[in-house]
Each structure stands twice: as structure tokens, then as C-alpha cells.
2 protein chains.
Amino acid sequence: MKRTIEDINYSETANSLARFAKALAHPTRIEILHYLDSQSCCFTGDLVEIFPLAQSTISQHLKELKNAGLIQGELNSPKIKYCINQENWNKAQKLFEELFKKNLGDSNGNC
Amino acid sequence: MKRTIEDINYSETANSLARFAKALAHPTRIEILHYLDSQSCCFTGDLVEIFPLAQSTISQHLKELKNAGLIQGELNSPKIKYCINQENWNKAQKLFEELFKKNLGDSNGNC
DNA sequence: TTTATTAATCGTTAATTTACGATTAACTAT
DNA sequence: ATAGTTAATCGTAAATTAACGATTAATAAA
């Protein structure tokens, strides 16, 4: 990313959406969220068993989801229990809803 | 991406969602979609004027949106008119809707 | 206190992404 | 035919991402 000019000022919406989208931009992370949903919560170890990926890789994916705010971890020593961060999940839901809501009309045949 | 083991079998849903999410994972592309929405369609040149980015960079972003199926281009020589690909847009909308719909309950206090 | 368990972090490597300028291709218009 | 316009593509560089194994940190159990 070789930006020469000053950074672009994107709208807050665009930045947030892109941030959430980025967190969702990997099938493993989608599957983790699906699992998290079906179980309501889970431990890192559960996922390591499910996915044919190294423990460190799963940890990395969890970190990204956590950094994006979509999930949260709670110490349940010596394990860590992860679950959806409902507040941000709802935020993300709204943002995507807004994004897709728009293009409904297109009834004006200028396209 | 140094996968040593055979590739993982993700669900079709996970793959599609991740694919769409990836296309949405950059603020410039979100803004392009917003603009495309407000104008119903536009030319590459319009975007080059709006964003402080090189023409080739805009082209690249358009290519990604096109590859993900979210937009489509139509020759309008010597320009190219882009607009939302309604069919895939609706598909994406449904996928995200499904993803977010799930976690509503959480009324079972086991988290 | 030592040993196990669990998961994060570190260090590395390969691939991908994002940006750029330069070039090319496809048309239009002169 | 020649010149102009528009946008894709090429080649490149820097940053980021995704994977791994190894190590570390934190806690529980013995």
C-alpha cells in the first residue's frame, strides 16, 4: 500500500462497514461464527478440533474477530469462552442492512 | 497462505459470504457502491474525479467488485458504464441477512 | 513445588492486496 | 489515416494476511 498523497477521508459508515466486512472475509471466520451461533459459545479448543488448522491459526482468526468487535472472550480458566458480541453484531447487522437496502428501486430505467 | 494439508471444505454459504465480504472489505469499494447507488450508475472517469486515487487503482477496485459479481460494466464507447448487478446484490443481501438473523435469541442465558 | 492444560504470542514464509506510473487497446472524431 | 479519449492491463513496490511450528503465560491439579 504505497499511498503518496495524504490519507483519504472515508465516511464513518464506509470505514465501519469495510472493517466488519474484512473480518468476515474468510470462510474459516464465517464458519467460526456459524458454530458460535449454533453453540451460543465455545472454547478455542473446540474449534481446533473442528478445523484442520493449527491452534495458532485458529487463535489468529479469533483475534481478528475479536479486534473487529464481533466476538468476545471470557476467561474460564484454563479455557477461554468465546461468544458473539451482541452489541457490535447488531451494529454490523444494521450497517449491512443499510448498504443493501438502498438498491431496491432501480425502477427508473436509466441503467 | 502456506497450506500444507489438503484444502478445507467450507460450506458453500461460507465461501460465498467470504467472497462477498472480501469485495466489501475496503472503504473505497464501499464508497464506490454508495455512489453507484446514488447515481444508479456511473463511468470509471466519474470515480477517478471523486477519489484522490490513480485511474489504475480505481480500475482495480472496479475489477474486484466486478469479479465478485456485485457490479457489472456495459460498454458505452469510449466509456464504460457501471451499475449494481442486481441479481448478485440480492444474493449477497440474503446471505448477510441469514448470517445476522441467527443470533437474535441468546435468551438462553448460557453465555 | 512441580506438572499439565489451554490458548495467546512470536518469528517466519508465501501469497495476496493496494497503490502507483506507464503502456496498450478499443473506439470516436477529425 | 491520424489524433484523442477512455479505461483496462502490466510491472513493480510495500504492506498486509494466512498459514505454520515453537515458545510463553496463566492457571489448575498433583
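A note on names: the letters A, B, ... follow the listed sequences, proteins ahead of strands, and every chain is numbered from 1. Just so it is clear, the structure is predicted and the values come from calculations on it, not from any experiment. As a basis for the values below, the full set of heavy atoms in this structure was taken, side chains included, without hydrogen atoms, waters or symmetry mates.
- Between Ile32(B) atom CD1 and dA7(D) atom C1' the separation is 14 Å, expressed in whole Å.
- Among the heavy atoms of the strands, none lies under 4.0 Å from Lys66(B).
- Contact between the side-chain N/O atoms of Lys79(B) and the OP1/OP2 oxygens of dC27(C) is not found at any separation under 4.0 Å.
- Phe20(A) and Asn88(A) make their closest contact through CZ-O, 3.9 Å (heavy atoms, listed as atom of the first residue, atom of the second, distance).
- Cation-pi check for Lys79(B) over Phe43(B) is met; the charged atom lies under 6.0 angstrom from the ring centroid and within 45 degrees of its normal.
- When rounded to the nearest whole Å, the span between CD1 of Ile30(A) and C1' of dA18(D) equals 16 Å.
- Here the P atom of nucleotide dT16(D) and the NE2 atom of His26(B) are 11 Å apart, to the nearest Å.
- In this structure, the CZ atom of Arg29(B) is 5 Å from the P atom of dT18(C), given to the nearest Å.
- The stretch residues 55-65 of chain A touches DNA chain D through Ser56(A), Thr57(A), Gln60(A), His61(A), Glu64(A), each having a heavy atom within less than 4.0 Å of the strand.
- Between the side chains of Thr28(B) and Tyr10(A), a donor-acceptor pair is found at a separation under 3.5 Å.
- Here the closest non-hydrogen pair linking Pro52(A) and Ile8(B) is CG-CG1, 3.7 Å.
- Nearest heavy-atom pair across Phe96(A) and Leu24(B) is CE2-CD1, 3.9 Å.
- The distance from atom CG of Asp46(A) to atom P of dA7(C) is 8 Å, rounded to the nearest whole Å.
- Closest non-hydrogen pair, Glu31(B) versus Ser11(A), comes out as OE2-N, 2.9 Å.
- Counting to the nearest Å, the P atom of dT24(C) and the CD1 atom of Ile80(B) are 19 Å from each other.
- Salt-bridge check for Lys94(A) with Glu97(A): failed, with every basic side-chain N at 4.0 Å or more from each acidic carboxylate O.
- Rounded to whole angstrom, the span from the NZ atom of Lys81(B) across to the P atom of dC27(C) amounts to 17 Å.
- Contact between Ser40(A) and Cys83(A) at its shortest, heavy atoms only, is O-CB, 3.5 Å.
- Closest heavy-atom contact between Gly73(A) and Ile80(A): CA-CG2, 4.1 Å.
- Per the geometry, CD belonging to Gln72(A) stands 17 Å off P belonging to dA7(C), to the nearest Å.
- Distances shorter than 4.0 Å separate some side-chain N or O of Tyr82(A) from OP1 or OP2 on dA8(C).
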Each nucleotide N or O in nucleotides 25-30 of chain D that has a protein N or O under 3.5 Å away: list the pair and distance.
from: dT27(D); atom 1: O3'; to: Ser77(A); atom 2: OG; distance (Å): 2.5

